[in-house]
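What's counted below: heavy atoms across the whole structure, side chains too, no hydrogens, waters or symmetry copies.
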Amino acid sequence: MTGATGTPATDTPVFSVDGLWKVFGPKADRVPGDPDLSALDPAELRSRTGCTAAVRDVSFDVRKGEVFVVMGLSGSGKSTLVRCLTRLIEPTAGTIVIDGEDVRAMDRARLRELRRHRAAMVFQHFGLLPHRTVLDNVAYGLEIQGMGKAERRERAAEVVAKVGLEGLEQRRPAQLSGGQRQRVGLARALAVDPEVLLFDEPFSALDPLIRRDMQEEVIRLHREEGRTMVFITHDLQEALKLGDRIALMRDGRVVQLGTPEEIVGSPADDYVRAFVRDVPREQVMTVRRAMRPGDCGGPDHPGALAPGTVVSGAIEVVARTGRAACVVEDGRCLGRVDHADLLRVVAGIDAGPVKEAAR
């Protein structure tokens, strides 16, 4: 369950969110600026003001080329948050910046441009036009942009093939399975070549096998294109599988933001700890957290492992060779791992990455 990274993410943010609030209810704008009100828990806030704070003082950056997952249970605020990014829901307070441009300051024309060209949404409910074919559904966003019929149909055909629907171009939505309809929705978003894809629990209504196929499709597309993605889900396994970084939400707040390995290996509080308790650590933790200083000796680096190798894969290598394995990056040995090191990580008693060896 490693992250979906294929093209390395950079430190350059596409979206920057700072101090974001979304409050529903009477005189909602008073809540973020009042320390007494903003400190109330959800039940107390509703009792005193009639307001609900769906998003509470949230800050994060989405780096170019990463899959950024926002995860939480129903009612945690994750879907409201993603809709605020393009002002499908108007934020109450805070700042949202895309490529240096203030989203909250955009007029209607700039917002249309943002939604049509720069940040495309993929929803759980596909919203396909029932009277249109697959090809024309995929081309719909290009039609809205004013692209000519021949050009948009050619572009749509390329994207249809990319998401595995080649041969189904002339079918209508009613003739497709749930997974196929979701692929059409994904293709429609890709067709406009957005800078960011925003997924709002797109696979939660699909059968488990189809859902797994769609997750693999997202991973494949990300590896091929390196497109920035923001993915909303309530499913921890899905978050760990897809995410380069995960923001875990509870009651409108982000309670922990980190890589899958950081969240599973170093939960921020008891809530996160309970969330990740049943996760197979060997499928998430990497040899970075297991390795000890020291070179395995010799130029061949026996059983060489990349530092991002998950522990389950490292166990197989160590078992097969019967000796410690070298953790190697760019031809340099960062450290070594043996059975005991790996089992400590699986048991949850790892000491974290060995910084001295990685210098």
Rounded to the nearest 0.5 angstrom, the CE-CZ distance for Met121 and Arg83 is 5.5 Å
Got a donor-acceptor contact below 3.5 angstrom from the Arg281 side chain to the Gly265 backbone? no
Are Met106 and Val97 connected, step by step, through hydrophobic side chains (Ile, Leu, Val, Met, Phe, Trp, Tyr) whose heavy atoms are closer than 4.5 Å? no
Can we say Asp107 and Arg110 salt-bridge, meaning some charged N sits less than 4.0 Å from an Asp/Glu carboxylate O? no
Same apolar cluster (I L V M F W Y, side chains within < 4.5 Å links), Val192/Val159: no
Measure from the side-chain N and O atoms of Glu169 to the backbone N and O of Gly167, and report whether any donor-acceptor pair falls under 3.5 Å. yes
Pair Asp99 + Lys64: basic N to acidic O under 4.0 Å: no
Side chain to side chain, Gln180 and Val134, heavy atoms closer than 4.5 Å: no
A quick test of your reading: do over 12 heavy atoms of other residues, nucleotides or ligands sit less than 6.0 Å from CD of Glu143? yes
Please say yes or no: joined through hydrophobic side-chain contacts below 4.5 Å, possibly via intermediate residues, are Val69 and Tyr271 part of one cluster? yes
What heavy-atom pair brings Cys84 and Ile96 nearest, and what distance separates the two atoms? O-CD1, 3.1 Å
Treating Gln215 as the side-chain partner and Leu242 as the backbone partner, does any N or O pair qualify as donor plus acceptor under 3.5 Å? no
side-chain contact (heavy atoms from CB on, under 4.5 Å) with Met249: which of Thr80, Ile232, Leu257, Val70? Val70
Glu166 atom CD: more than 12 heavy-atom contacts under 6.0 Å: no
With Asp136 as reference, evaluate Arg172, Lys149, Arg153 under the salt bridge (Lys or Arg N to Asp or Glu O under 4.0 Å) test and give the passing residue. Arg153
Residue Glu316 excluded, over 12 heavy atoms near CD under 6.0 Å: no
Ionic contact status for Glu44 with Arg48, cut-off 4.0 Å: no
I'd like to know if Val279 and Met71 are part of one continuous hydrophobic network [Ile/Leu/Val/Met/Phe/Trp/Tyr, side-chain heavy atoms within less than 4.5 Å]. yes
Answer yes or no: is there a donor N or O on one side and an acceptor on the other, between the side chain of Glu261 and the main chain of Thr286, under 3.5 Å? yes
Glu201 side chain vs Ser79 backbone, donor-acceptor pair below 3.5 Å: no
Any donor-acceptor pair under 3.5 Å from Gln145 side chain to Arg116 backbone: yes
In terms of side-chain geometry, is the basic nitrogen of Lys78 or Asp200 positioned less than 4.0 Å from the acidic oxygen of its partner? no
Presence of salt bridge, Arg336 and Asp341, under 4.0 angstrom: no
Are Phe60 and Phe68 near enough that their ring centres are under 6.0 Å apart? yes
Between Arg188 (side chain) and Gly141 (backbone), is there a donor-acceptor pair under 3.5 Å? no
Check: Pro194 main-chain N/O paired with Arg227 side-chain donor or acceptor under 3.5 Å: yes
Distance check, rounded to the nearest 0.5 Å: Ser177 atom OG versus Arg183 atom CZ? 8.5 Å
Can you hop from Leu165 to Leu142 via hydrophobic side chains spaced under 4.5 Å? no
Measure from the side-chain N and O atoms of Arg155 to the backbone N and O of Ala191, and report whether any donor-acceptor pair falls under 3.5 Å. yes
With side chains defined as the heavy atoms from C-beta onward, is the minimum distance between Thr92 and Pro32 less than 4.5 Å? yes
Considering only NZ, NE, NH1 and NH2 on the basic side and carboxylate oxygens on the acidic side, decide whether Lys241 and Glu238 come within less than 4.0 Å. no
Short side-chain to backbone donor-acceptor contact, Gln283 and Pro280, under 3.5 Å: no
